[in-house]
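A short write-up of the structure that comes next.
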Amino acid sequence: MKPTFPETAGEAWVKRYGSPAPEGLPDLAPFLSHRSVRRFAAREVPEVVVAALVAAAQSASTSSNLQLWSVVSIQDPERRERVAKLCADQVQVREAGWFFAFLADHYRIRRAASAVGEATEGSDYNEFFTMAVIDAALATERLLCAAESIGLAGCYIGALRNDPEGIAAELGLPSGTAGLFGLCLGYPAEPLTAEIKPRLAQESIWFRETYDQEVAVADYDERMGAFYREQNMKGDVTWSMRSGRRMDEAHVGTRKALKPFLQRQGFDRR
């Protein structure tokens, strides 16, 4: 089966950075050509394929082999509809072949340790919540990379955190678990309309030896302005402006309730 996206590594590089690829660039096209896909074909993704992808996810690195993550697949149409409404009513949550909720999960290790007489009183420190988030992110990205290598595509759903209590109730999450993000997965609809999104220049994120405190993003603002216009968005609102507004307090919205929810679930108390 062919990878999902058609670009060569060099073509993807140009779309990411707006400049020619360096000589000798290795063929990493399946990784450089990633983009979020929100329109899916009405084509079944067999469960055995998903089992293989979950195996890929479980093959990712995990801190101290604690495996502090879990995933819930949501396929029942009625539950999917309710979850979609909890996730900002996004169409792709309804239409994707599979939808997954990835969790931070301390419940399993607490139960397993308790059964053999071991205490886990340190698990409510921020460190162990951080471990769970990292574990879940590493596992999910490996799953998506594996999926894209066999013709599938996906889209992360941060809106799973819009109503953490509602998601917990809908998925039956016990204390010691919390929804982190969702993932839509399926075969992309044809024709493929999602485009590679430009990224910051490597010099803006890759520093040699020490952190460079000079922030130079004018070139990126210009490249993203062109991308916004191509996507029928306001090109005069730069990436710096959009990002600053996205991080203002008003945009936090209902996610202001996330920290107290996490603390009630036994996370991040110390």
Side-chain angles (χ1 to χ4, degrees), residues 30-31 34 36 45 47 49-75 83 86-87 93 96 98-116 118-150 152-185 205 255 257-270:
F31 301 93
H34 163 78
S36 294
V45 181
E47 186 156 335
V49 171
V50 176
L53 295 175
V54 173
Q58 288 190 273
S59 299
S61 296
T62 168
S63 185
S64 301
N65 199 33
L66 292 174
Q67 302 174 70
L68 299 176
W69 67 279
S70 290
V71 59
V72 179
S73 59
I74 302 156
Q75 296 302 94
V83 168
L86 292 169
C87 293
V93 176
W98 287 77
F99 182 73
F100 305 95
F102 281 85
L103 317 175
D105 189 346
H106 289 181
Y107 176 81
R108 177 174 51 247
I109 192 64
R110 289 173 183 172
R111 289 291 300 270
S114 177
V116 293
E118 298 293 340
T120 58
E121 68 271 14
S123 65
D124 61 354
Y125 277 93
N126 177 273
E127 164 65 4
F128 284 95
F129 176 64
T130 301
M131 281 188 189
V133 174
I134 293 170
D135 272 11
L138 292 175
T140 314
E141 186 64 6
R142 181 160 289 229
L143 183 154
L144 184 54
C145 287
E148 290 177 349
S149 77
I150 58 172
L152 294 161
C155 176
Y156 286 107
I157 303 295
L160 192 82
R161 300 187 302 278
N162 282 11
D163 187 344
E165 296 278 7
I167 289 293
E170 188 61 56
L171 304 186
L173 302 185
S175 178
T177 63
L180 297 175
F181 47 81
L183 178 68
C184 300
L185 192 72
I205 59 97
R255 298 188 198 183
L258 185 59
K259 184 170 183 176
F261 166 76
L262 291 172
Q263 292 175 329
R264 288 193 297 273
Q265 289 292 96
F267 292 108
D268 199 20
R269 290 174 172 169
R270 291 188 280 173

By salt bridge (Lys or Arg N to Asp or Glu O under 4.0 Å) - contacts of Asp124 (at least two apart): Arg270
Could you check whether Arg110 and Ser123, counting side-chain N and O atoms only, form a donor-acceptor pair closer than 3.5 Å? yes
Excluding sequence neighbours, so at least two apart, what forms side chain to side chain contact (heavy atoms under 4.5 Å, CB included) with Ile134? Thr130, Leu138
Phe181 and Ala136: which non-hydrogen atoms are nearest, and at how many Å? CZ-O, 3.9 Å
Applying salt bridge (Lys or Arg N to Asp or Glu O under 4.0 Å), name anything that partners Asp105, two or more places apart in sequence or on another chain. Arg108
To check you understand the geometry: which heavy-atom pair defines the closest contact between Phe261 and Pro164, and what is its length? CD2-CB, 3.4 Å
Nearest-0.5 Å distance that lies between atom OG in Ser149 and atom CG in Leu144: 10.0 Å
Who pairs with Glu121 by side chain to side chain contact (heavy atoms under 4.5 Å, CB included), at least two apart in sequence or on another chain? Ala119
Residue pair Thr177 / Gln265: nearest heavy atoms and the distance that separates them: O-NE2, 2.8 Å
Please report the interatomic distance CG(Leu185) to CG(Leu143), rounded to the nearest 0.5 Å. 6.5 Å
Do Leu173 and Leu103 come within less than 4.5 Å of each other through their side chains, counting heavy atoms only? yes
Is the CD atom of Gln263 crowded by more than 12 outside heavy atoms at less than 6.0 Å? yes
Can you list everything that forms a ring-ring contact (aromatic ring centres under 6.0 Å, His included) with Phe267? Sequence neighbours excluded, please. His106, Phe129
With rounding to the nearest 0.5 Å, note down the distance linking CG in Asp135 to OG in Ser64. 9.0 Å
Hits for side chain to side chain donor-acceptor pair (under 3.5 Å) against Ser73, two or more places apart or cross-chain, chain-then-number order -> none
Sorted by chain and residue number, the side chain to side chain donor-acceptor pair (under 3.5 Å) partners of Glu141 (sequence neighbours excluded) come out as Tyr156
Classify the ring geometry between Phe100 and Trp98 as parallel (under 30°), tilted (30 to 60°) or perpendicular (over 60°). parallel
Suppose we screen for salt bridge (Lys or Arg N to Asp or Glu O under 4.0 Å). Which residues come up paired with Glu165, at least two apart in sequence or across chains? Arg264
Sequence-distant partners of Arg269, side chain to side chain donor-acceptor pair (under 3.5 Å), two or more places apart: none
Residue set satisfying salt bridge (Lys or Arg N to Asp or Glu O under 4.0 Å) with Glu148, at least two apart, ordered chain then number -> none
Mind checking the CG-CG spacing from Leu183 to Leu53? Nearest 0.5 Å is all I need. 9.5 Å
Begin from the C-alpha positions of Leu160 and Leu180 and carry the test side chain to side chain contact (heavy atoms under 4.5 Å, CB included) through to its verdict. CA-CA 7 Å; Leu160 192 82; Leu180 297 175; 5.8 Å; no
Got a sec, which residues hit side chain to side chain donor-acceptor pair (under 3.5 Å) with Arg111, two or more places apart in sequence or on another chain? Tyr107
Drop me the distance from Asp268's CG to Phe128's CZ, to the nearest 0.5 angstrom. 13.0 Å
Shortest non-hydrogen contact from Ala139 toward Ala60: CA-CB, 3.8 Å
Residues two or more places apart in sequence or in another chain: which of them pass side chain to side chain contact (heavy atoms under 4.5 Å, CB included) with Ala159? Cys87, Ala88, Gln90, Ile157, Asn162, Arg255
Would you mind reporting whether Ile150 and Val49 have side-chain heavy atoms less than 4.5 Å apart? yes
How long is the span from the CD atom in Gln67 to the CD1 atom in Ile109, to the nearest 0.5 Å? 8.5 Å
